Amino acid sequence: MLLRAALAIIVFIATAICGLAQGSAPCPRFPVGSSIAQPQDLFSEHGVLRVNFTYETRVDQFGNTLFCFMTASGAESPTLHVRPGDRLRIKLTNNVPAPTSASGSAMEAMPGMTVSGTASSTCGAVTMTASSVNIHYHGTNTPPTCHQDEVIHTMINSGETFQYDVQFPLDEPPGLYWYHPHIHGISEAAVQGGASGALIVEGIQNVNPEVAGLPQQVLIIRDNLVPGNPDPGGNIPSWDLSLNYVPVPSPAFTPAIIQMKPSERRLWRVVNASADTIVDLQLQYDGTPQPFEVVALDGVPTGSQDGTSRGKRMTETDILLPPAARAEFIVTGPSPSVKKATLATLNVDTGPDGDNDPTRPLASIKVSDDAPEPPLTIPYVFEPPHRQRFEELDRERPTAERTLYFSEVLLDPSDPNSPTNFFITVDGQTPTLFSPDNPPAIVTTQGSVEDWTIENRALENHEFHIHQIHFLLLEQNGVPVNNGQYLDMIQIPYWSGTGPYPSVKVRMDFRGPLIGDFVYHCHILGHEDAGMMAIIRVIPPRPERRRR
Ligand SMILES: [Cu+2]
């Protein structure tokens, strides 16, 4: 209910400025059933990518509030290309109108929605409003400091301009990342409004030479409210989806169109930029699942961490992508004899308390000899790969082991319709809703390597994400996983109500240079906004240890 109230306030504010917004037409959307277009590509030069963004809003014809990042030339949510070691300098101006005093005071009255701090603990604005924004550079191993990838205290309010200057490390794995707002309490509304874009760290061909020369297609899946807010079930999903801003609305699910040449090979770089919707991608030709030749997951080339600095391809016929997860894979387009070629998401069983993420098409692939190619091709230019960031993590001895768990509790246990509190808790501590003023739930030391067992004690799926670092998946439900993959997203499926809790065991790598406070949370953003997030603090080693 808290989220819906917040959303209602945002809709009210945006409606008030609807005429103005439509005049300047920010956040454009494509018609249902249209061919997908590639977002505009922006590249770093001489080690720096400079971007001017405005944060915009408008209300669409269905009453949904849209949000987006726009450049001065009118490009919406462009793909940002950087190289390892580059700086990303985004100057962000928040053009979303300030809340009215009435809605502002309502916001301040909402528990968990008011974020205030002192000048020493904040970064940008001091008090959160319904129009606050910031940017998280998801999956990047960049510093959690003010003006970089800091989301706990960074707020840019209406009318304000803020300068980001994000330093990418030299050993940033080459691959697909993404950017989105991360203001606790309103992140779901911002991301469902469409404020997200792709971020590519260049050089995947250095680790996976087989992708060199392939046309590359960025595919961004987003979700949004179903107009009219019908009860989910059957063909009515909890949220509608879109592909590169082409809506695929329920219940007809008219797919977007991807044009390809017959049997053409392409690198698809897919981000599930949904706030809440889990997808399970499958490519079907006349009903037969086709191979995805996977070369990277969550920005890390698959199988690249064994010391060879060479990625290894995995073949899959479907790929589960939690919200925020990425997959990069080679597809071969249909031959002319294929009558129906569809990129679909399969039904995801999210549990008795979960959402409805049904089977539905996303895109129909149309082949013709004169189909336009995507504007970018992976360069046929190779450099020696950097040492892979997480190399030999699998051989490290963990310095600590922890158990964490996801749980949900009704605010009023006697009223099944009361709001749900969402928690992520270190076993032994008291479940606590997130607040930026909370002390860190975990304090660790730079240089440590920790094994975390993360349990799901709730009756719906949760999707674990930690900022700043990737983790190595070690076990699922106590069974070792030996594919050596480094991820920043992992699903922990729902608990049935009896038996052991579903769990994953992951190895956290704090050996890198990053210190400071950052967060881990469920990346179903409705859950994160409702409390399912906590702070970890990485402190420098004590001087006497440093001398060793
Ligand atoms: Cu969750």
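Computed from a prediction, not measured in an experiment: that's the story for all the values here. We count ligands from 1, going down the list as the structure has it; atoms in each ligand are counted the same way.
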Practice problem: Enumerate the protein N/O/S atoms at a distance below 2.8 Å from the Cu ion (ligand 1), ignoring waters. | Solution: His462 ND1, Cys522 SG, His527 ND1
Exercise. Kindly indicate whether the side chain of Ile135, heavy atoms from C-beta on, has any atom under 4.5 Å from the side chain of Phe53.
Key: yes
Self-check item: Parallel, tilted or perpendicular: rings of Trp452 and Phe510 (30°, 60°)
Solution: tilted
Quiz item: When you measure from the side chain of Gln429 to the backbone N and O of Ala441, does any donor-acceptor pair fall under 3.5 Å?
Solution: yes
Self-check item: Centroid-centroid under 6.0 Å between Phe162 and His147 rings
Solution: yes
Quiz item: Do any N or O atoms from the side chain of Thr498 and from the backbone of Ser496 form a donor-acceptor pair under 3.5 angstrom?
Solution: no
Exercise. Answer with yes or no after comparing the ring centroid distance for His462 and His523 against a 6.0 Å cut-off, counting only values under it.
Key: no
